[in-house]
Amino acid sequence: MINVTVWNECRHEVEDEDVKEVYPETIGGCIVNNLEPFGFNLTLATLDDPEQGLSDELIENTDVLIWWGHRYHDELNDALIDKLQARVLAGMGLIMLHSSHHAKLFKRLMGTSCNLSWREAEGGERERVWCLKPSHPIAEGIPAQIELPQSEMYGEPFDIPEPDELIFNSWYQGGEVMRSGCTYTRGRGRVFFFSPGHETFPIFRNPHIIRVLANAIQWTNQSHQTGWSLGNWGRPEPLEPGAPRQTYFKKPRKLMVAEKLAASKKPK
């Protein structure tokens with residue numbers, strides 16, 4: 001069984017009546033409830049839980065992390081982001097939703113600003129999510145397009161690295177387009193960014209959107225934990241006989257140079 005942690009700021013649902021009306025069980029709660037029929041082991045975590053919802057034990061036991069954040073990205077502890085980044089590089093799957101494009105973790109993994117264009121039209125506007133790769137595992141069971149009658153416009157330009165694969169592209173009633181379903185690999189970890197999911201519209205009640213998330217969980221989950229992980233390996237013994245041996249390996253070269261320089265400056 002895949003261990004899935006759904007992390008949600010869970011502040012909008014407390015502070016904003018219009019969000020509370022759409023998601024009385026919270027956004028994260030809605031996602032968890034709708035994913036239950038797929039047979040995952042689901043845990044709900046929020047920003048105001050102890051340890052910002054993500055204890056060391058929970059992080060270690062999470063196979064796939066789903067992340068929804070918006071207003072409070074800067075409150076996340078940098079040490080926590082370090083741990084999450086390390087887990088992604090080690091193989092934890094990551095699904096970033098909607099305004100999580102500005103989450104510390106996503107920007108760290110992308111290495112860019114992750115800025116985009118956006119508009120909140122009164123009452124929302126129509127979004128058509130086009131499936132560009134119907135053969136991809138994330139697109140299993142998904143129609144050619146998903147019609148969302150109310151959505152927030154997220155449009156290009158979107159400052160992200162070129163996706164490994166572009167699974168979905170969105171068109172909006174106002175004419176903009178958006179790379180709305182992107183995959184990446186970071187270390188051994190798989191990352192999926194999916195843009196639909198504004199807090200005042202019931203997008204996470206759409207069965208096709210939930211199916212995308214369920215498929216993405218299966219895809220981002222590591223198929224195996226065996227084999228080796230990339231490391232910064234010192235190799236004092238070369239593979240080929242007769243090759244020059246490594247002359248330093250107990251300390252990083254920068255440290256050795258710094259120590260040598262410091263020693264030279266000491267009074268004799």
Side-chain angles (χ1 to χ4, degrees), residues 1-13 25-36 38-111 114 138 160 164 182-194 197 204 210 212-232:
M1 184 178 292
I2 301 175
N3 295 322
V4 179
T5 298
V6 179
W7 188 93
N8 170 36
E9 280 181 354
C10 204
R11 295 271 184 86
H12 281 293
E13 298 91 325
E25 74 277 61
T26 76
I27 293 169
C30 178
I31 293 172
V32 165
N33 291 344
N34 286 317
L35 285 175
E36 281 182 349
F38 293 91
F40 305 120
N41 182 29
L42 295 153
T43 299
L44 180 61
T46 74
L47 177 60
D48 291 320
D49 291 340
E51 300 179 84
Q52 299 191 314
L54 293 164
S55 66
D56 289 351
E57 181 180 5
L58 180 58
I59 293 171
E60 185 61 31
N61 292 327
T62 296
D63 299 315
V64 176
L65 175 63
I66 298 177
W67 191 279
W68 195 101
H70 186 199
R71 288 179 182 164
Y72 303 98
H73 301 306
D74 290 342
E75 288 192 22
L76 271 294
N77 187 291
D78 287 338
L80 174 60
I81 301 303
D82 291 341
K83 294 174 186 177
L84 294 172
Q85 180 185 17
R87 278 289 291 125
V88 172
L89 297 179
M92 182 182 74
L94 179 65
I95 300 171
M96 304 298 289
L97 300 176
H98 192 56
S99 45
S100 298
H101 68 94
H102 267 164
K104 283 184 179 181
L105 179 58
F106 189 63
K107 292 198 291 185
R108 176 92 62 89
L109 291 166
M110 295 298 104
C114 299
I138 293 178
I160 51 174
D164 294 346
C182 308
T183 70
Y184 297 92
T185 301
R186 294 292 183 266
R188 291 189 65 155
R190 290 176 170 180
V191 179
F192 179 58
F193 171 76
F194 192 50
F204 292 120
I210 294 299
V212 169
L213 298 187
N215 291 346
I217 289 169
Q218 295 285 357
W219 180 81
T220 56
N221 182 51
Q222 273 295 322
S223 58
H224 69 90
Q225 297 294 330
T226 60
W228 51 275
S229 296
L230 287 171
N232 190 30

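Position 1 is the first residue of the sequence; numbering continues from there.
We find the OG1-CD1 distance between T220 and I138 to be 7.5 Å, quoted to the nearest 0.5 Å. Expressed to the nearest 0.5 Å, how far CG of N77 lies from CG of L54 amounts to 11.0 Å. With rounding to the nearest 0.5 angstrom, the CG atom of N3 is 11.5 Å from the CZ atom of F40. Residue L65 holds its CG atom at 9.5 Å from CZ of R87, rounded to the nearest 0.5 Å. Between M92 atom CE and R188 atom CZ the span is 14.0 Å, to the nearest 0.5 Å. Between I217 atom CD1 and I2 atom CD1 the span is 7.0 Å, to the nearest 0.5 Å.
F192 and F194 have parallel rings, their planes meeting at less than 30° on a 0 to 90° scale where 60° marks the start of perpendicular. Ring orientation note: the planes of W67 and W7 are close to parallel, at an angle under 30° on the 30°/60° scale. Ring pair H102/H73 is perpendicular by interplanar angle, where above 60° counts as perpendicular and below 30° as parallel.
Closest approach of Q52 and L80 over heavy atoms only: OE1-CD2, 3.6 Å. The heavy-atom pair separating S99 from G69 by the smallest distance is OG-O, 2.6 Å. Counting all heavy atoms, side chain and backbone alike, L58 lies closest to G53 at CD2-O, 3.4 Å. In terms of heavy-atom proximity, D78 sits nearest to K104 at OD1-NZ, 2.7 Å.
Of the possible polar contacts, one joining the R190 side chain to the W219 backbone as a donor-acceptor pair under 3.5 Å is found. A donor-acceptor contact shorter than 3.5 Å is absent between the side chain of T46 and the backbone of E9. A donor-acceptor contact shorter than 3.5 Å is absent between the side chain of S100 and the backbone of A103.
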Problem - Worked verdict on L76 versus L105 for side chain to side chain contact (heavy atoms under 4.5 Å, CB included) - result: CA-CA 9 Å; L76 271 294; L105 179 58; over 6 Å; no

Practice task
Decide side chain to side chain contact (heavy atoms under 4.5 Å, CB included) for D63 and Q222; before the verdict, give the C-alpha distance in whole Å, the side-chain angles of both, and the deciding distance to 0.1 Å.
Solution key: CA-CA 8 Å; D63 299 315; Q222 273 295 322; over 6 Å; no

Exercise for the section: Test I160 against F106 for side chain to side chain contact (heavy atoms under 4.5 Å, CB included), laying out the working first. Expected result: CA-CA 10 Å; I160 51 174; F106 189 63; 4.2 Å; yes

Practice task
Could you go through the side chain to side chain contact (heavy atoms under 4.5 Å, CB included) check for Y184 and M110 one step at a time?
Solution key: CA-CA 9 Å; Y184 297 92; M110 295 298 104; 3.7 Å; yes

Could you give the side-chain donor-acceptor pairs of residues 27-36 under 3.5 Å, partners two or more places apart or in another chain?
{"residue": "N33", "atom": "ND2", "partner": "G29", "partner atom": "O", "Å": "3.2"}
{"residue": "N34", "atom": "ND2", "partner": "C30", "partner atom": "O", "Å": "3.1"}
{"residue": "N34", "atom": "ND2", "partner": "F204", "partner atom": "O", "Å": "3.1"}

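E75 and R11 are joined by a salt bridge, as a carboxylate oxygen and a charged side-chain nitrogen come within less than 4.0 angstrom of each other.
Applying the salt bridge (Lys or Arg N to Asp or Glu O under 4.0 Å) test to D164 and every residue at least two apart in sequence or in another chain returns nothing.
Within the 4.5 Å cutoff, the side chain of V4 has no heavy atoms near those of the I95 side chain.
Within 6.0 Å of CD on Q225 lie more than 12 heavy atoms contributed by other residues, nucleotides or ligands.
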